[in-house]
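Below: one structure, written as structure tokens.
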Amino acid sequence: MNKKYLELLKKNYPTRPELMDELISLNAKLYLPKGTEYFFSDLHGEARAFIHLLRSASGNIRDKTSQYFGDTLVKKDQDDLANLIYEPEEYLQKLKDEKQIDNDWYTITIHRLVNLFRFVSTKYPKTKVKEKFPSSYTEIIDELLYTNDSEFNKKLYYEKIIENIIKYKSADDFIVMLSYLIQRVSVDELHIVGDIYDRGPAPHLIMEELINFPSVDIQWGNHDIGWMGAACGNVALVASSMCNALQYNNFDFLEEGYGLNLRPLYEFAVKTYKDDPCQRFMPKIYEENIYDKVNKEVAAKMFKAMSIIRFKLDGQLIERNPEFQMDNRNFLRFVDFDKMTYKGAKLLDTNFPTIDPKDPLRLSEEEEYVTSILQREFLKNPLLNKHIKFLYSNGSMYKISNGSLLFHGCIPLTEDGEFEELTIKDKAYKGKALMDVFEACIRKAYFSKDKKGISYEKDIMWYLFYGKKSPLFGKSQYSYFENLLVDDDSLKKEVMNPYFELSKDEKICDMILDEFGLTGEKRRIINGHVPVKVIDGVSPVRANGKLYVIDGGISKPYQNKTGIAGYTLMFNSHHLALAEHRNFPTIRNNMGSYTPKMIETEKMIPRMLIKDTDKGCEIKERIEVLEELLKAYDKGILKEKP
């Protein structure tokens with residue numbers, strides 16, 4: 001090994017005892033159990049449901065509570081403790097309002113939380129657990145966690161720590177902090193397999209929860225890319241993001257959550273469509289707004305105004321990118337404004353005051369103004385850009401983790417089961433290379449200096465949202481125009497990429513896994529995007545366990561199709577298992593006692609240890625390098641620090 005490199009390494013381990021300490025520790029870590037990975041997909045803004053599932057470790061914390069306290073606490077006390085851990089601030093306030101808290105309660109509760117924290121963290125090395133400690137109370141937590149409270153010599157010391165936490169009025173903060181530590185230790189790694197945004201009321205709250213989570217990665221979904229592209233300045237994606245929010249009446253999210261200025265759009269819409277009932281544009285309401293109660297008639301006018309802008313901007317983008325081969329989605333070019341038909345079918349709405357039939361893609365002066373204001377809002381909004389930056393820094397088109405290939409939608413295939421090619425800048429790409437070139441374009445779009453200008457990379461992000469060869473979309477078309485304005489089912493048909501049918505075949509999955517370099521007997525694809533219709537007997541596990549489709553319908557609009565309210569895939573040292581969830585109101589009403597239906601799908605025999613994981617490979621490589629340094633010390637090539 002290069003002597004200069006070893007000299008640099010020596011600065012971290014200047015003596016043989018320090019080096020031996022690290023080598024002994026690393027070798028021992030290899031034989032600890034694998035940490036628990038959690039996989040979620042297609043959250044679509046359903047913050048309340050997702051945050052509860054995350055904070056409860058999809059019911060696993062309640063299970064651990066039962067395991068530890070099963071012989072000492074009645075079920076109600078176990079439920080109450082779980083409720084406290086899931087929502088500590090709210091639950092403490094509830095108990096205070098009911099005057100149920102006194103010093104004895106604080107003492108008992110802190111003891112219980114410390115003991116449970118110790119129990120759920122036993123399979124992790126002390127250094128890993130301490131990484132999750134907050135900046136405050138670090139030494140106190142360390143003492144309580146690693147001091148045996150039953151040991152005679154330290155029993156009084158232990159009790160005095162808790163007594164003084166209460167005495168100095170730090171008990172509430174300490175309980176909240178312990179609750180969050182239990183949550184964080186229960187989920188070692190979190191994977192979000194796409195689509196945080198659109199449809200649901202609070203994607204911004206999901207983003208805040210993820211930012212505060214210690215170990216998370218995101219595989220971008222098409223709806224995430226839509227918002228990322230909008231934040232890069234792509235006005236067509238600004239329009240689509242706005243339309244998706246307006247269609248689901250998400251004004252709280254737009255104005256209260258991100259603080260976007262919708263006033264110009266509101267004024268333009270109510271003036272332009274003053275006498276238009278906009279019946280085809282009535283929003284879908286799954287939850288009422290709390291802060292911004294726009295009536296549905298006004299919301300419909302705003303949605304229609306934004307949709308017309310969207311159709312125009314989509315058409316402009318398609319015409320400047322003939323390589324995309326999306327001419328058939330240039331909607332306004334297929335409208336006969338004399339007959340008011342679209343591809344021969346009668347239009348269900350014929351009031352288009354801002355469209356010039358001779359130049360249908362041209363924005364009116366007022367539409368230009370509204371678009372420029374919204375583009376500026378997306379580019380300059382601090383919270384939105386904080387969230388988008390996190391999506392970039394923690395996200396990717398795909399990820400490989402412990403034998404799992406994670407991506408949101410599909411790897412485009414031909415009907416013959418071959419990788420489908422797409423031409424990007426006169427060069428053909430397919431399979432892994434296609435995913436890689438898309439990721440390069442996405443990153444280049446974000447780091448472009450000209451945020452307001454047009455670029456090919458920004459337009460590629462639009463294609464990823466809608467394009468029929470997009471691995472994040474994977475359909476022949478997105479029929480948003482037809483669904484709004486045309487009563488002809490033949491024009492609305494969305495044909496799925498062959499991947500979605502062919503991937504049920506184990507050989508096809510093996511071909512894809514080979515393409516991405518995954519080896520070994522235990523390997524699998526994990527993706528979402530297409531809701532699993534459990535109600536119709538469809539299984540999320542396919543291709544003899546080589547494919548997991550984990551979109552089970554956390555998003556409310558899909559729950560009638562799936563029959564459940566989402567999946568969590570859990571991968572610990574013992575097994576892979578799917579948690580099948582009920583609808584959130586049911587969970588909410590029984591939060592402390594809630595445990596989902598568990599379906600074990602793959603058993604780890606023998607138990608999986610860190611040495612069997614990607615992290616184990618990293619540790620082994622580190623051990624090899626440090627052993628070279630040890631040899632250099634032993635042979636006198638390098639001298640230890642005196």
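Counting begins at 1 with the first residue of the sequence. Every heavy atom of this structure was used, including side-chain atoms; hydrogens, water molecules and symmetry mates were not.
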Presence of salt bridge, Glu267 and Lys271, under 4.0 angstrom | no
Exercise: identify the closest heavy-atom pair between Leu578 and Pro540 | CD1-CG, 3.6 Å
Look up atom CD1 in Ile526 and atom OG in Ser401, then write down how far apart they are to the nearest 0.5 Å.
-> 8.0 Å
Would Arg443 and Glu439 count as a salt bridge (Lys or Arg N to Asp or Glu O under 4.0 Å) if you check the C-alpha gap in whole Å, the side-chain angles of each, and the deciding distance to 0.1 Å?
-> CA-CA 6 Å; Arg443 297 196 182 280; Glu439 179 155 341; 3.1 Å; yes
Residue that, paired with Leu347, satisfies side chain to side chain contact (heavy atoms under 4.5 Å, CB included) out of Val486, Thr341, Asp336 | Val486
Distance (rounded to the nearest 0.5 Å) between Gln559 CD and Glu46 CD = 7.0 Å
Just wondering, more than 12 heavy atoms not from Lys468 lying within 6.0 Å of its NZ?
-> no
Looking at the rings of His44 and His223, which for Trp means the six-membered one, are their centres under 6.0 Å apart?
-> yes
Please confirm whether the backbone N or O of Lys358 pairs with a side-chain atom of Asp356, one donor and one acceptor, at under 3.5 Å?
-> yes
Criterion side-chain contact (heavy atoms from CB on, under 4.5 Å) on Tyr480 and Tyr466, from CA distance to verdict = CA-CA 10 Å; Tyr480 53 97; Tyr466 298 125; 3.6 Å; yes
Check whether the side chains of Asp488 and Ser490 place a donor and an acceptor atom closer than 3.5 Å, and report yes or no.
-> yes
Would you give the length of the straight line joining atom SG of Cys441 to atom CG of Leu464, rounded to the nearest 0.5 angstrom?
-> 8.0 Å
Considering only heavy atoms from C-beta outward, does the side chain of Leu547 approach that of Arg524 to under 4.5 Å?
-> no
Between Lys533 and Asp551, is the closest basic N to carboxylate O distance under 4.0 Å?
-> no
Between Trp220 and Asp195: side-chain donor-acceptor atoms closer than 3.5 Å | no
Are Arg333 and Asp327 within salt-bridge range, i.e. N to O under 4.0 Å?
-> no
Are Tyr499 and Asn527 close enough that a side-chain donor and a side-chain acceptor fall under 3.5 Å?
-> yes
Within the distance-only criterion (no hydrogens, no angle test), does the side chain of Arg329 pair as donor or acceptor with the backbone N or O of Tyr478 below 3.5 angstrom?
-> yes
Distance in Å, Arg376 CZ paired with Thr371 OG1, rounded so as to fall on 0.5 Å steps | 13.0 Å
Applying salt bridge (Lys or Arg N to Asp or Glu O under 4.0 Å), which residue pairs with at least one partner in residues 390-409 are found, sequence neighbours left out?
-> none
How far apart are the closest heavy atoms of Leu434 and Pro412, and which atoms are they?
-> CD2-CG, 4.2 Å
Aromatic contact, Phe473 with Phe465 (centres under 6.0 Å) | no
Tell me, please, whether Phe334 has Lys343 positioned over its six-membered ring: NZ or CZ under 6.0 Å from the ring centre and within 45 degrees of its axis?
-> yes
Hey, would you say the Trp227 and Phe378 ring centroids sit under 6.0 Å apart?
-> yes
Distance-only side-chain donor-acceptor flag, Tyr558 / Arg199, under 3.5 Å = yes
Relative to each other, are the rings of Phe311 and Phe331 parallel, tilted or perpendicular (30° and 60° limits)?
-> perpendicular
For the pair Glu457 (side chain) and Lys444 (backbone), establish whether a donor and an acceptor sit closer than 3.5 Å, ignoring hydrogens and angles.
-> no
Ion pair Lys425/Glu323, N-O distance below 4.0 Å = no
Leu374 vs Val235, side-chain contact (heavy atoms from CB on, under 4.5 Å): CA-CA, chis, key distance, verdict = CA-CA 8 Å; Leu374 288 172; Val235 288; over 6 Å; no
If the plane angle is over 60° it's perpendicular, under 30° parallel, otherwise tilted; pick one for Tyr398 and Phe516.
-> perpendicular
How about Tyr567 and Phe39: are their ring centroids closer than 6.0 Å?
-> no
Could you tell me whether the side chains of Ser41 and His529 share a donor-acceptor contact shorter than 3.5 Å?
-> no
Residue pair Asp459 / Asn321, side-chain donor-acceptor N/O under 3.5 Å = yes
Does OH belonging to Tyr456 count more than 12 external heavy atoms closer than 6.0 Å?
-> yes
Whether over 12 other heavy atoms sit under 6.0 Å from Lys296 NZ | no
Minimal heavy-atom distance between His387 and Glu208, with the atoms involved, is NE2-OE2, 2.7 Å
Would Lys546 and Asp510 satisfy salt bridge (Lys or Arg N to Asp or Glu O under 4.0 Å), going step by step from the backbone distance to the final call?
-> CA-CA 8 Å; Lys546 291 288 178 69; Asp510 282 332; 2.7 Å; yes
Check the pair Lys492 / Gln477 against side-chain contact (heavy atoms from CB on, under 4.5 Å), numbers first and verdict last.
-> CA-CA 8 Å; Lys492 300 177 184 180; Gln477 65 181 46; 5.5 Å; no
Take atom CG of Asp487 as the centre, draw a 6.0 Å sphere, and report whether it contains more than 12 heavy atoms from other residues, nucleotides or ligands.
-> no
Going by distance alone, is a donor N or O of one side chain under 3.5 Å from an acceptor N or O of the other, for Glu420 and Thr414?
-> no
What are the two closest heavy atoms between Tyr392 and Ile442, and how far apart are they?
-> OH-O, 2.9 Å
Return the set of residues passing ring-ring contact (aromatic ring centres under 6.0 Å, His included) with Phe571 (not counting sequence neighbours), or none when no residue passes.
-> none
Please walk me through it: do Leu405 and Arg523 pass side-chain contact (heavy atoms from CB on, under 4.5 Å)?
-> CA-CA 8 Å; Leu405 173 61; Arg523 57 181 189 163; over 6 Å; no
Tightest non-hydrogen contact, residues Ile508 and Gly417, listed as CD1-O, 4.0 Å
Does the pair Lys504/Glu501 count as a salt bridge with the N-to-O cut at 4.0 Å?
-> yes
Give the intermediate values and the outcome of salt bridge (Lys or Arg N to Asp or Glu O under 4.0 Å) for residues Lys427 and Glu421.
-> CA-CA 10 Å; Lys427 185 176 178 180; Glu421 285 189 345; over 6 Å; no
More than 12 heavy atoms of other groups within 6.0 Å of Tyr266 OH = no
More than 12 foreign heavy atoms under 6.0 Å from CD1 of Ile454: is that the case here?
-> no
Within the side chain of Lys458, is there an N or O that forms a donor-acceptor pair under 3.5 Å with the backbone of Gly453?
-> yes
Please assess Glu515 against Lys432 for the test salt bridge (Lys or Arg N to Asp or Glu O under 4.0 Å), listing each intermediate value before the final yes or no.
-> CA-CA 7 Å; Glu515 168 76 0; Lys432 181 178 180 294; over 6 Å; no
Just checking, is any N or O donor in the side chain of Glu37 or His191 under 3.5 Å from an acceptor N or O on the other one?
-> yes
Inter-residue atom distance Phe500.CZ - Arg542.CZ, 0.5 Å rounding | 10.0 Å
Under 3.5 Å side-chain donor-acceptor pair for Glu482 and Tyr342 = yes
Distance-only polar pair, side chains of Gln316 and Asp314, donor-acceptor under 3.5 Å = no
